[in-house]
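Let me begin by presenting the structure, written as structure tokens, before commenting on it.
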Amino acid sequence: ECYTQCPVCAPARVSLRTGCTLKRTGVQSNQMVKEHVYTKMDIFKERVQAIESFDQILVEEYGYASEYYGKWHLPDHLYYRRDNDASKVIDFNDYDYEKDIPRFSNDGMYATKYRRYLEHFDRNGDIENECTKENTQQDIYSKYSYPPNLILDMTIHQTHHSVK
């Protein structure tokens with residue numbers, strides 16, 4: 001079982017990365033991560049600008065290094081130090097497959113990152129090798145294989161305690 005503050009992407013991610021409720025963060029929709037949207041109303045502007053991420057706290061106060069890979073969909077100020085310094089707390093969030101080095105990119109082009117990732121592994125034959133396995137089907141978009149008849153065994157074992 002699991003729980004999320006909201007079934008919508010940005011509010012759920014902000015809640016997870018900050019440990020705060022939707023009401024406290026002010027991010028109540030996907031559009032609320034964009035500065036030109038949340039600054040239109042003071043109550044949202046104050047809340048969104050006041051949130052702090054675990055990354056900021058761990059990097060600034062405890063000297064951790066932080067990387068984040070995948071879809072961000074959070075307010076951009078969470079990439080940077082809380083004192084409005086231009087220094088990032090997230091060192092890397094993308095990978096340059098041609099140069100074989102991690103990099104930082106804040107262009108919001110998640111589909112482009114995913115496509116680049118798939119093209120790299122397709123060129124290296126990794127996707128083709130994966131798709132030739134027996135009893136698999138190929139996903140049309142990602143080209144990755146998956147077993148079509150995967151059934152999870154959800155057997156629950158109950159232990160009976162005898163009371164004397």
Side-chain angles (χ1 to χ4, degrees), residues 1-130 139-146 150 152:
E1 292 182 33
C2 57
Y3 174 81
T4 182
Q5 282 282 317
C6 183
V8 179
C9 181
R13 288 173 189 272
V14 171
S15 180
L16 180 67
R17 300 299 284 193
T18 64
C20 297
T21 63
L22 298 177
K23 184 175 181 181
R24 178 169 285 183
T25 67
V27 179
Q28 299 177 355
S29 72
N30 284 340
Q31 291 72 31
M32 293 300 286
V33 298
K34 299 174 185 164
E35 189 172 5
H36 73 275
V37 175
Y38 68 73
T39 55
K40 290 182 180 180
M41 295 180 69
D42 287 340
I43 190 168
F44 292 115
K45 179 181 177 182
E46 292 168 6
R47 289 181 181 177
V48 174
Q49 290 177 340
I51 58 177
E52 300 175 334
S53 72
F54 291 124
D55 298 287
Q56 291 170 317
I57 295 166
L58 292 172
V59 169
E60 293 176 38
E61 295 179 21
Y62 299 98
Y64 279 71
S66 182
E67 298 179 10
Y68 184 93
Y69 294 92
K71 185 177 174 185
W72 181 251
H73 214 195
L74 299 168
D76 284 344
H77 75 273
L78 296 179
Y79 273 129
Y80 303 97
R81 296 181 62 86
R82 294 173 289 179
D83 59 8
N84 293 323
D85 183 346
S87 302
K88 298 184 306 280
V89 293
I90 306 286
D91 294 321
F92 305 111
N93 66 353
D94 195 7
Y95 198 81
D96 186 328
Y97 295 101
E98 302 303 318
K99 297 177 183 174
D100 197 26
I101 57 170
R103 68 186 196 121
F104 181 85
S105 171
N106 191 15
D107 59 11
M109 302 299 290
Y110 307 114
T112 303
K113 287 181 185 181
Y114 185 58
R115 192 172 298 112
R116 219 175 49 242
Y117 169 81
L118 292 174
E119 288 169 355
H120 167 76
F121 288 103
D122 195 27
R123 278 193 305 274
N124 291 328
D126 297 333
I127 293 175
E128 183 180 328
N129 294 339
E130 193 64 27
D139 180 78
I140 294 171
Y141 181 72
S142 72
K143 298 182 185 175
Y144 276 106
S145 61
Y146 64 94
L150 180 64
L152 298 176

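Keep in mind that this is a model prediction, so the values were computed, not measured. Position 1 is the first residue of the sequence; numbering continues from there. Quick note: numbers below take in every heavy atom, side chains included, and nothing from hydrogens, waters or symmetry partners.
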Heavy-atom side-chain proximity of L22 to P11 below 4.5 angstrom: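 Yes. Closest side-chain heavy atoms under 4.5 Å.
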Indicate yes or no: at least one non-hydrogen side-chain atom of V33 is less than 4.5 angstrom from one of H73.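 Yes, close enough: below the 4.5 Å cut-off.
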Taking [X] for its side chain and [Y] for its backbone only, find out whether a donor-acceptor pair lies under 3.5 Å.
X: S15; Y: C20; result: yes
X: Y95; Y: R103; result: no
X: E60; Y: R82; result: yes

Return the minimal non-hydrogen interatomic distance between [X] and [Y], and the atom names on each side.
X: P75; Y: V27; value: CG-CG2, 4.3 Å
X: Q56; Y: L78; value: OE1-CD2, 3.5 Å
X: R13; Y: W72; value: CD-O, 3.4 Å
X: I57; Y: E52; value: CD1-OE1, 4.2 Å
X: L74; Y: A10; value: CD2-O, 4.4 Å
X: I51; Y: R24; value: CG2-O, 4.4 Å

Pairs in or reaching into residues 17-54: which pass ring pair (Phe, Tyr, Trp, His ring centres under 6.0 Å), with residues at least two apart or in two chains?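 For residues 17-54, and leaving out neighbouring residues, there are no ring pair (Phe, Tyr, Trp, His ring centres under 6.0 Å) pairs at all.
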Do the rings of F104 and Y80 sit parallel, tilted or perpendicular, given the 30° and 60° boundaries?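 Perpendicular.
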Is the count of non-hydrogen atoms from other residues, nucleotides or ligands lying under 6.0 Å from I101 atom CD1 greater than 12?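 More than 12 heavy atoms, drawn from other residues, nucleotides or ligands, come within 6.0 Å of this atom.
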Using the rule given for side chain to side chain contact (heavy atoms under 4.5 Å, CB included), can you reason through C9 versus N30, listing the C-alpha separation, both sets of side-chain angles and the distance that settles it, and then say yes or no? CA-CA 6 Å; C9 181; N30 284 340; 3.6 Å; yes
Worked check of side chain to side chain contact (heavy atoms under 4.5 Å, CB included) between E35 and D76: CA-CA 8 Å; E35 189 172 5; D76 284 344; over 6 Å; no
Side chain to side chain contact (heavy atoms under 4.5 Å, CB included) for H77 and V48? Distances and angles first, verdict last. CA-CA 9 Å; H77 75 273; V48 174; 4.1 Å; yes
Determine whether the side chains of D94 and S105 contain a donor N or O and an acceptor N or O closer than 3.5 Å.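 Side-chain D/A pair, D94 to S105: absent.
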If you round to the nearest 0.5 Å, how far is NZ of K23 from CD of Q28?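 Nearest 0.5 Å value for the CD-NZ distance: 9.5 Å.
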To the nearest 0.5 angstrom, please state how far the OH atom of Y79 sits from the CD1 atom of I90.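 If we round to the nearest 0.5 Å, Y79:OH and I90:CD1 are 7.5 Å apart.
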